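Just dropping this structure here.
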Amino acid sequence: MLNITDLSYQIGPRTIIEDGNVCIMDGWRVGVIGHNGAGKSTLFKLISGDLIPDGGGVSISSGQKMGMVRQDMPETDDALLDVVLAANVEMAELWRQATTETDGNKIAEIYERLEDMGAYSAPAKASMLLTGLGFQEDQLQEPFSSFSGGWRMRVALAAALFVEPEILLLDEPTNHLDLEAIMWLETYLLDYRHTLMIISHDRELLNKCIDHVIHVDKMQLTLSTGNYDTFEREKALAAGLQQKMHEKQAAARDHMQAFVDRFKAQASKARQAQSRMKALEKMDIVDAVIADRAIRFVFPNPQQIASPMISINHANVGYDPGKPILKNIHRNIDNDDRIALLGANGEGKSTLMKLIADRLGVMEGEVTRSNKLKIGYFSQHQTEELDVNSTPYHEMFALFQKKNGSAAEHLVRAKLGAFGFSRDLADNKISALSGGEKARLLFAFMSFDAPHLLLLDEPTNHLDIDAREALVQALNAYEGAIVIVSHDPNMVERVADRLWLIKDGACQDFEGDLEDYRKFTIQSRRDARKEKKKSLKQA
């Protein structure tokens, strides 16, 4: 059991959490939600002991272990499999003792404890976790230091899952995963036997994997039962009831005030007027519901052009001469297409996006594009190209001048306002923007001249739940074509009506929905494991 009692924490003059009280029972699966900056990650750091509270505290039941994904995995040349195995400190220490101990009785005790811990099946478990999160079998013996940041975070996640603590904290566990790895993680977490706490902006993950919600909002922690959709419904219902109560009380207050104003000067009514004045002073008026500032995106609709916009004819595509990543691609994109690209990392989804965007040429075959075609291309890597010393207003002003030769201030600010940039935010330095705000700025840039086709490569990485919902609504209102690569199943299901599977160098239509794709992915992994076992036996 985890108890949070009168928990308070401040950063300078700003209070993040004030007198928070929550009791989490063993086996609960808790989603921690709230707007960016509300204090979700701070709460995790207070629970884990990485931060010291200013008041109150956190306690867990005796004998329970707590674990979370380490953001600072130390640099090492150890193999991935060994890094994950070393995460269970007790097991690693027992194995070390087994090689140095000379007392026969103690050696027997060590091996008995190792057997109780499941140490003999530990390499298989670590291997299953790493391959589930997207690593190939032949990569498990490669040094940890040879992998980039996103892949290292997958190792850190595998290490946390391997230890299997009684209380597991996961802060945005899907951030560095592709759709296939997310599907695997959802299935794994559904079978997790202990207490689970997840910070996530992935609505699908929260709906499938949690049974309680902690809402971090306005410095308070509010616990409710159910998944994310249940929380949303109850929140809307409570807000409606609160607003009705406010309006009813306000009407009663106005009626009493009118009586006081009318009769306070009349001797015959003075006592009644005074009584109502005292009642007015004592009335505890329920606050009106103040709607959270909704984020809204608006993609300008293009002028229609004939289909197909793009024809790809038997094309080979890649980066190194003679080594195509995609082969014999034969596809058309029409002016009303809504296409999602499926496939594991490294199969070539981003390569196909670059081909469609005309940022990568063909090795063989040809690509035909409409002469009038305008394309808007979004990739998270573009955030690295932003001038951090500039402001959104100055960058949009420059874009207006480049495209139109002039830039009226009201038009520049209107274009930014369509993506949630107030005057103050538009005049902030780009270096001060959050990841989500930078993504919104890129949306504004890519849609500047009403493109006929939007190419979106992982557009939700830094967006919270509300911003993701706003993006879905904006894309569904947009009247052009869309090709999207996303690890957000909710977005794929609600935006795309065609699925293209990128696998083994080919691009094919996938007949079915994401649930069918989930089953296909699971079966493909089973078949691959069977094939590997078969080849090992034959060897």
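Small disclaimer: the values here were computed from a predicted structure and weren't measured. One-based numbering along the sequence shown.
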Legend entry - Heavy-atom closest pair, residues Cys209 and Ile198: CB-CD1, 4.4 Å

Legend entry - Heavy-atom side-chain proximity of Asn88 to Met117 below 4.5 angstrom: yes

Inset, instruction - Could you tell me how the ring of Trp184 sits relative to the ring of Tyr188: parallel (under 30°), tilted (30 to 60°) or perpendicular (over 60°)? - result: parallel

Legend entry - Closest approach of Ile465 to His201 (non-hydrogen atoms, all atoms of both residues): CG1-O, 3.4 Å

Legend entry - Close side-chain approach of Leu463 and Phe443, heavy atoms under 4.5 Å: yes

Inset, instruction - Indicate yes or no: at least one non-hydrogen side-chain atom of Ile199 is less than 4.5 angstrom from one of Ser41. - result: yes

Legend entry - Pairwise side-chain contact, Glu186 with Thr174, heavy-atom cut-off 4.5 Å (strictly under): no

Inset, instruction - With side chain to side chain contact (heavy atoms under 4.5 Å, CB included) as the test, would you mind laying out the steps for Met66 and Glu166 before giving the verdict? - result: CA-CA 6 Å; Met66 184 182 297; Glu166 284 78 13; over 6 Å; no

Inset, instruction - Verify, without hydrogens or angle tests, whether Asn207 (side chain) and Tyr228 (backbone) share a donor-acceptor contact under 3.5 angstrom. - result: yes

Inset, instruction - Please confirm whether the backbone N or O of Gly57 pairs with a side-chain atom of Thr5, one donor and one acceptor, at under 3.5 Å? - result: no

Legend entry - Lys NZ or Arg CZ of Arg440 over Phe297 ring: under 6.0 Å, within 45°: no

Inset, instruction - Verify, without hydrogens or angle tests, whether Gln220 (side chain) and Asp217 (backbone) share a donor-acceptor contact under 3.5 angstrom. - result: no

Legend entry - CA sep, side-chain torsions, deciding dist, call: Asn428, Asp424, side chain to side chain contact (heavy atoms under 4.5 Å, CB included): CA-CA 6 Å; Asn428 269 3; Asp424 288 344; 5.6 Å; no

Inset, instruction - Would you check if the side chain of Ser121 reaches a backbone N or O of Ala124 as a donor-acceptor pair within less than 3.5 Å? - result: no

Legend entry - Side-chain heavy-atom pair Asp229, Arg233 within 4.5 angstrom cut-off: yes

Legend entry - Closest non-hydrogen atom pair, Asp171 against Phe44: N-CE2, 4.0 Å

Inset, instruction - Please check if the side chain of Lys208 supplies one atom and the backbone of Leu190 the other of a donor-acceptor pair under 3.5 Å. - result: no

Legend entry - Any Asn476 side-chain heavy atom under 4.5 Å of Arg338 side chain: yes

Legend entry - Closest approach of Leu326 to Gly348 (non-hydrogen atoms, all atoms of both residues): CD1-O, 3.7 Å

Inset, instruction - Please check if any side-chain donor atom of Asp26 sits under 3.5 Å from a side-chain acceptor atom of Gln64, or the reverse. - result: yes

Legend entry - Side-chain H-bond candidate by donor/acceptor type, Asp6 with Asn21, under 3.5 Å: yes

Inset, instruction - Examine distances only and state if a side-chain atom of Thr131 and a backbone atom of Gln136 form a donor-acceptor pair shorter than 3.5 Å. - result: no

Inset, instruction - Using atom types as modelled and distance alone, determine if a side-chain donor or acceptor of Glu347 lies under 3.5 Å from a backbone N or O of Ala344. - result: no

Inset, instruction - Evaluate side chain to side chain contact (heavy atoms under 4.5 Å, CB included) for Leu43 paired with Ile4, printing each intermediate quantity in order. - result: CA-CA 10 Å; Leu43 175 62; Ile4 299 172; 4.2 Å; yes

Inset, instruction - State whether the side chain of Asp178 and the backbone N or O of Asn345 hold a donor-acceptor pair below 3.5 Å, judged by distance alone. - result: yes

Inset, instruction - Can you label the angle between the Phe147 ring and the Trp151 ring as parallel, tilted or perpendicular, going by 30° and 60°? - result: tilted

Legend entry - Cationic N near anionic O, under 4.0 Å, Glu109 to Lys106: no

Inset, instruction - Measure the shortest side-chain to side-chain distance between Leu140 and Ser127 over non-hydrogen atoms and say whether it is less than 4.5 angstrom. - result: yes

Legend entry - Lys40 side chain to Gly34 backbone, donor-acceptor under 3.5 Å: yes

Legend entry - Under 3.5 Å side-chain donor-acceptor pair for Glu115 and Tyr111: no

Using distance only, find each side-chain donor-acceptor pair of residues 77-84 under 3.5 Å and give its atom names and separation, not counting sequence neighbours.
| residue | atom | partner | partner atom | Å |
| --- | --- | --- | --- | --- |
| Asp77 | OD1 | Ser145 | OG | 2.6 |
| Asp78 | OD2 | Thr76 | OG1 | 3.4 |

Inset, instruction - Provide the full list of ring-ring contact (aromatic ring centres under 6.0 Å, His included) pairs with a residue in residues 64-104, sequence neighbours left out, each pair given once. - result: Trp95-Tyr120

Legend entry - Sequence-distant partners of Glu469, salt bridge (charged side-chain N to carboxylate O under 4.0 Å, His left out), two or more places apart: Arg203, Arg494

Inset, instruction - Would you mind checking if Lys125 and Glu164 are paired as a salt bridge, meaning a charged N to carboxylate O distance below 4.0 Å? - result: yes

Legend entry - Side chains of Ile484 and Pro459 in contact at under 4.5 Å (non-hydrogen atoms): yes

Legend entry - Candidate pair Leu169 and Ile47, rule side chain to side chain contact (heavy atoms under 4.5 Å, CB included), full reasoning: CA-CA 9 Å; Leu169 310 180; Ile47 292 172; 4.0 Å; yes

